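Please read the structure below before turning to the comments.
Keep in mind that this is a model prediction, so the values were computed, not measured. In what follows, residues are counted from 1 in the order of the sequence shown. Just follow the structure's listing: the first ligand is 1, and inside any ligand the first atom is 1.
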Amino acid sequence: MAIIVPLGAMWQRSLLPDSYDMAAMGYPDYGGGPGAGLPHGHAEGTPVTDLIDDPDRPPDVSETLTARAEGEVYTVNGTSPGPTIRATVGDMVEVTLINANVPDGATLHWHGMEVPNAMDGVAGVTQDAVLPGERFVYRFLADHAGTYWYHSHQISHEQVLRGLFGAIVVEPATVDAGVQDLVAVLHTYASGPQLNADSGTTTVAAQPGTPFRVRVINTDNGITPVWVTGTTYEVLAVDGYDITGPTPVDGLRFDVPAGGRVDLAITVPPGGARVDFAGATTLVLGEDPVDGAQMLSPKTAVDLLSYGTPADPGLDVSNADRHFTYRIGRRPGFLDGRPGLWWTINGHLYPDVPMFVVAEGDVVVFRIENTSGDPHPMHLHGHHGLVVSRNDETSTGSPWWTDSLEVGPGETFEVAFRADNPGLWMDHCHNLPHAVQGLVSHLMYAGVRSSFRVGGGGPHNQPE
Ligand code: C2O
Ligand code: CU
């Protein structure tokens, strides 16, 4: 009995209610900042649905995306990846999502874009899942040039895997027309790894001397190594943010975390260049410099902690208002009544995990520690974090802004951001099966209240 009674209580406590308010789950963590006046799970304040961009401004870019289940795969406007949306910085973007027949409903999350909270596309957190026959209009200002992607955030571990995603590129105000801009969406479908829906080698005709910007997007659950043969390359941007002072990289691979993006500058040399993705797919620019030979991944990766030139990041982290710890571990327990070895956050199992509470304007430092024995690509919605240090070694390169950060086993990162986008934001592992296994927490702004519920009938919202 001495064992059975506590186990029974643990089991009971782990059960998720039929439907629940995400903002009222877990326990508040104020990060050493003021707690009073920042109630957690409060019923008053600005509802998430009010957090939108100028509703009267006509859109500059307008698209309709239709999600469809076609047997085992999901498509957007008939293909996967769906169409690439292109906007110019400053544009008002309007996207109408139509769910043709995805039985569980669908949403669109704008991964890496700092959209207003009501447009974040998370079922049960920022909207209800869009059921078959229904539609939802997303409107947001594309206020930062860069490479991003969109994907469903309803049952995301299944819907993303099966193809419900696409790329969105925000171009700077002036584009160099001489540079060839290529999007390279990597995804492993049931049929195997593909590059823009093609397996094997994709060849782009190009004369020597042609400069390319290759926007690599990793939509998979694991890290993907990328390397270039035939010439050097530069890392122009990471997760949509420019690198200052990029230098030529010779014979190193670049590891793109799950959900992450990297923009590479490659100028085609006389013998041609090629880009290899995990040894599974290949992009040839001009001629193949090694005539179709199988290339092995370089042993060393570019280290963003020291790559590029330091610059003022515009964020003073020395006087942060809040310091949070996000410690990822693993232990046996119950998750919604199921026994198993589950991920923990600061020692707690989902849903009894911290709700990180901030006030608008705060400078926030997160210390992410990974003691779980497995790598985790961590993704905070609605914000970019500045990498301050890794394993207590301070960053010495370009400011490194990220939204999808690979945190290896045993690693510790300090990441800082300004709380300038009010709302209720997910902060989770983008190895999406890990998110289903409880590696999910939220960032909550004081003065915001939730508008939706996870679970329930009608649209059965299930973001992970
Ligand atoms: Cu790309 Cu919460 O996701
Ligand atoms: Cu993970």
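H430 contributes atom NE2 as its closest N/O/S atom to atom 1 (Cu) of ligand 1. When the N, O or S atoms of H376 are ranked by distance to the Cu ion (ligand 2), ND1 comes first. H434 has its closest N, O or S atom to the Cu ion (ligand 2) at the position named ND1. The atom name of the N/O/S atom in H153 closest to atom 2 (Cu) of ligand 1 is NE2. Nearest N/O/S atom of H111 with respect to atom 1 (Cu) of ligand 1 is recorded as ND1.
You'll find the side chain of W149 stays beyond 4.5 Å of the side chain of T147, heavy atoms only.
Side chains of N461 and D128: a donor on one and an acceptor on the other come within 3.5 Å.
The existence of a salt bridge linking D403 and R261 is confirmed by a sub-4.0 Å separation between a basic side-chain nitrogen and an acidic carboxylate oxygen. Between D392 and R367 a salt bridge is recorded (basic side-chain N to carboxylate O distance below 4.0 Å).
Not a single N, O or S atom of H381, from either the backbone or the side chain, sits less than 2.8 Å from atom 1 (Cu) of ligand 1. Distance check for H430 against the Cu ion (ligand 2): none of its N/O/S atoms falls below 2.8 Å.
When each of F356, F417, W401 is paired with H383, the ring pair (Phe, Tyr, Trp, His ring centres under 6.0 Å) condition holds for F417 and for no other.
A donor-acceptor pair is defined here as one N or O able to donate and one able to accept, closer than 3.5 Å; such a pair exists between the side chain of S14 and the backbone of G337.
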